[in-house]
Amino acid sequence: MVKKMINFKAIEKKWQGKWEKGKAFVAKDNVKGKKKFYVLEQYPYPSGSGLHMGHAFIYTIGDIFARFKRMQGYNVMHPMGFDSFGLPAENAAIKNKSHPRKFTDEAIKNFIKQMKGFGLSYDWDRMLKSHDPAYYKWDQWIFLKMLESGLAYRKKAGVNFCPKCNTVLANEQVVDGKCWRHEDTNVEVKQLEQWFLKTTDYADELLSGLDKLDEWPEMIKTLQRNWIGKSEGTEVDFEVGDEKKISNAIIIHGFAASGREETINERHWLTWIKDKLERKGIKTFVPLMPHVSTPKYNEWKAELEKLNKQIDERSILIGHSAGGAFLLRWLSETNKKINKLILVAPGGKHKKAYKVLNSGLYDFNLNAKIKDNVDEISIFISNDEVHRIENAEKYARDLGAKLIRLDERGHFLDRQMGTKEFPELLNEIVSGKKWKVFTTRVDTLFGATFLVVSAQHPELMSLVTSDRKREVEAFLKKVKSTKDEDRDRMNKEGVFTGSYAKHPLTGERIPIWTGNFVVSDYGSGIVMGVPAHDARDWDFAKKYGLKIKQVIEGDVSKEAYVVYGKLINSEGFSGLSSEEAKEHITIALNEKGLGRKKVAYKLRDWLISRQRFWGTPIPIIYCDNCGIQPVREKDLPVKLPENIKFQGVENPLKGNNNFVNVKCWKCGKMGRRETDTMDTFVDSSWYFLRYLDSKNKNKIFEKKKADYWMPIDLYIGGKEHATMHDIYFRFYTKFLSDLGLVSVREPAKRLFTQGFIYGEDGKKMSKSLGNVIVPEIAAKKYGVDGVRLFLVSVAGPDKDFSWSEEGAQGSLRFVLKVWDYFSDLKLGKSSKKLEHYVNKGIRTIGIDIENMKYNLAVIKLRELFGVIEKEGAGKKDLESFLKMFGLFCPHIAEELWSKIGGKGFVSLSTWPEFDEKKIDDKIEEADKALEKTVNDIGQILKLVEGKGGKAEKIYLYVLPQELKSYDENALGEKMGLKVKVYAVNDKNKYDPSGKSGKVKPGRPGIYVE
RNA sequence: GCGGGGGUGCCGGAGUGGUCAAACGGGCUGGACUCAAGAUCCAGUGUGCUUAGUGCCUACCUAGGUUCGAAUCCUAGUCCCCGCACCA
């Protein structure tokens, strides 16, 4: 009987202190003669509210395993740290006009205290914090390496923007399409330059690698496969544009400082292109502008307008450098409409253009008039003319122009190009644009009767003819204003762009539409519509009266559309099966240079820019001279400033001159720092490697150490990370492996996803519902050990479950029972029977732990304890029991261990071995039989007593070989009556009603008197 | 729509071909202890029949099937949960 509660607190403190002092759980590198084992739980965000039950749960799961492996003789790595960058600390700082670091440091302190109080066997010496400059320095270092490898790049992207906050929001701050601070304000999608990591470069390996991860949950792998979404298909080129529309071309040269005005038009590609165009019947003018070295806008204007008669809606205007700027100004003022404008390395208001700045050529606004006057605008820029890129991007953005980036053309002068030829320009002028369309159903290519371009496609406007402009723009406006939550239910809608594409095989003209249902960043953002064989295309065609052409056998009238079958109406390909046709048509396209095999992924590159303060600064300097410059390695880390002022929710780095203003290391002039910080998922993408050498100041980590410990043998975390962290950390591992920093290509051998804990009411724990159970408080009631035990008793740790006070009581009862038994200990001898149960227990419990079926292990432990209580046990048996018990209840186990004179820590003792020979299932069978017999007797007694009779003595008749299983005294004691046992073949037995005739194996005959 | 997981007793949850009327915990009922409550301990806890107990019947979402034998395997249906979602 339990007499009193245990003083849990005192025992917990005592042993936690001893473990720490004894450095019980400190991991040593490269221990000889021991196999390593790396157990890791995902490190937490240190929130101000401290450890919650979910934390307690996941850490208990990992702790049990770490303890198990340690006892099994492994060299165990079990570290812990903090994912300490993030929004909550920043918000707290905004609210309190303080620094996020303050909150974070306090929260971490509290976390460590609580974690230590929970008896978790971490190696605290390796602790790391992502907000520590010594840590995030390496975030930045990896970023620079990615930049070098072309894996980090900058691109325009849609981000969530709240017009009331006047800032970009993180995804987490968008709730149902609204701002988290302004429930009535729809978040807008804004196009901004952002940094990306090219996860797509590893898409294939991220996918194929899953097959080898046989110790990962199928569900997680499936989610990742889905997310990566590989599909193999064909990319088909559809030519768009109409040569006949162009009657002439006018090329305006640029500024030439050296003078030599009379020869400027002889230079570089101007004459070459004129020649080519005229051969194609396009009249080409290359006027010589006055005063090439000291240009004046009005003079140039007058010169151009000499050609006024020639300039009309079928003209193409081409401007090189300052000539491009000139054309922009002219087009922003004139009423002339032209077909197309092509700018080659256009000038901008740039310091290098010092002389031209006063020319008036640059005095223009990128106004709506330009867009109205010109059907299509293209801009050529060379990637090595860095200082011009930003400007070109701005033009392209503001004008809705197509930006064509080429390599190594400098300023497009012949001496930089090494030739006077410029075929890309020619192509841009004469042939229509080729629009790449991705399809997995190229077999239905002959049934393509329209194309649909995504409404968000950056080059959409170049397709829209002037007569369709108004309608398209209205449509785009409507698409843009549709709220996120309505988008699901939004019908497939679209409008005609006015353009036609040439079918690559039939040459047919097929209309190009734009539609709200085409995703801009998958494939090429354009789909071919095959209404006869695709449900969505069918609906679209029906709605807008588009042509439907059947190319696969089957009854379209019945099924609306047919999906697979034999081809018809497909020229030479008719008769082929869909599968064959895919192959053959791709080959045919390939021969014409109009198509190729292509793999498309749903996986997108990882946008890591966050317009937030509390994160790792992106180590980039923007220099007007040198363009985008990475911070030099030796200048790392780029530290977050201590002295900051929050103004609203605006990132305080922006207005922080000390931070922003920085000398460009290349040219020495003042540049400005990138003020965006990295997504915090970056920090957690490689922390598991830093633990292995967490104090290294010179290197990210020592390869030898990393190779010793990696991979993580058991990684424990939440299912919710399936398509985020669980992909990112694999991506980072592959990249770091490619850098030669670590050998493994997969970070975690085994992944375990823990379940979710709900409140007693089965609902999510939340303050507002009042159903939150805080581990620290629960531990006061049930002891840390009681809480730990309960957490893994209810169900398998991968399952969701609800907290239950009654259940926790049950666990506490068991702990108390064990405690009592040891308090009042009489050492016995281990009987054969006990040995059987102990050895079997060791065997099965070990298997259950290994399989992470802790709940089953606990059940077996309880059963074993039941036997020990009944049968009594020797010291060795009790030791074995405590060793196993200690995984779940380490404090109590240590206390009891020392009580029975165990040496050292039970936590560091060796896992008990079982002796197969001592496991004898017959003992168990006999036990069960005996139990059943007792039960039977009980029932008979009840009946006898119910009839008013009174039993005095019980006679049992058993098979001779079972005789020793039935102990008269023990049975008698149990029943409270005298019991006599006879073997059935006993001649002298007393058996008045012939009950011995009923005897079966394991079933004795019973007679009650 | 696509993909994944799952429906077991009053509840949570074991169990993936026989040893299953179904582990273990909780609840509930009865008993012991107690002045009493709590705690603790013991017993019971599908139905109907049968027997002084050992026997049968009905039961693991529903309906079929495979098998000597199914909660467990197969087929169809149904309901629930989760993930991705107009992915060409």
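Within every chain, numbering begins at 1; the chains are lettered A, B, ... in the order of the sequence lines, protein sequences first and strands thereafter.
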Detail all sub-3.5 Å separations between protein N/O atoms and N/O atoms belonging to nucleotides 79-84 of chain B.
none

With hydrogens left out and only the distance checked, is there a donor-acceptor pair under 3.5 Å joining A:R604's side chain and the base of B:rC87? yes
Using heavy atoms to find the nearest nucleotide of RNA chain B for A:E218 and A:S804 separately, return the residue whose nucleotide is more 5′. A:E218
Closest to the 5' end of RNA chain B, once A:E806 and A:K799 are matched to their nearest nucleotides, is A:K799
Quick check on [N]: is either OP1 or OP2 less than 4.0 Å from any side-chain nitrogen or oxygen of [X]?
| X | N | answer |
| --- | --- | --- |
| A:K817 | B:rU40 | no |
| A:R536 | B:rC87 | yes |
| A:R225 | B:rG3 | no |
| A:S231 | B:rA88 | yes |

Taking the [atom1] atom in each of [N] and [M], what is the distance between them to the nearest angstrom?
| N | M | atom1 | value |
| --- | --- | --- | --- |
| B:rA37 | B:rU29 | P | 14 Å |
| B:rC42 | B:rU50 | P | 34 Å |
| B:rU8 | B:rG12 | P | 7 Å |
| B:rU19 | B:rA88 | P | 49 Å |
| B:rA22 | B:rG77 | C1' | 27 Å |
| B:rG44 | B:rC81 | C1' | 36 Å |
| B:rC41 | B:rC49 | C1' | 35 Å |
| B:rG26 | B:rG18 | P | 29 Å |

Axial cation check for A:F517 ring with A:R536, 6.0 Å and 45° limits: no
Does NZ or CZ of A:R441 lie under 6.0 Å from the centre of the six-membered ring of A:Y564, at an angle within 45° of the ring axis? yes
How close or far is atom [atom2] of [N] from atom [atom1] of [X], stated in whole angstroms?
| X | N | atom1 | atom2 | answer |
| --- | --- | --- | --- | --- |
| A:D800 | B:rG6 | CG | C1' | 12 Å |
| A:I228 | B:rG3 | CD1 | P | 18 Å |
| A:K719 | B:rG6 | NZ | C1' | 13 Å |
| A:D798 | B:rG13 | CG | P | 11 Å |
| A:E720 | B:rG5 | CD | P | 20 Å |
| A:Y957 | B:rA52 | OH | C1' | 13 Å |
| A:E805 | B:rG27 | CD | C1' | 15 Å |
| A:K230 | B:rC2 | NZ | P | 23 Å |

May I ask you to say what [X] touches in the nucleic acid, namely base, sugar-phosphate or nothing, with a heavy-atom cut-off under 4.0 Å?
| X | answer |
| --- | --- |
| A:S811 | nothing |
| A:K853 | sugar-phosphate |
| A:K860 | nothing |
| A:G810 | sugar-phosphate |

When the ring centroid of A:F790 is compared with that of A:W803, is the distance short of 6.0 Å? yes
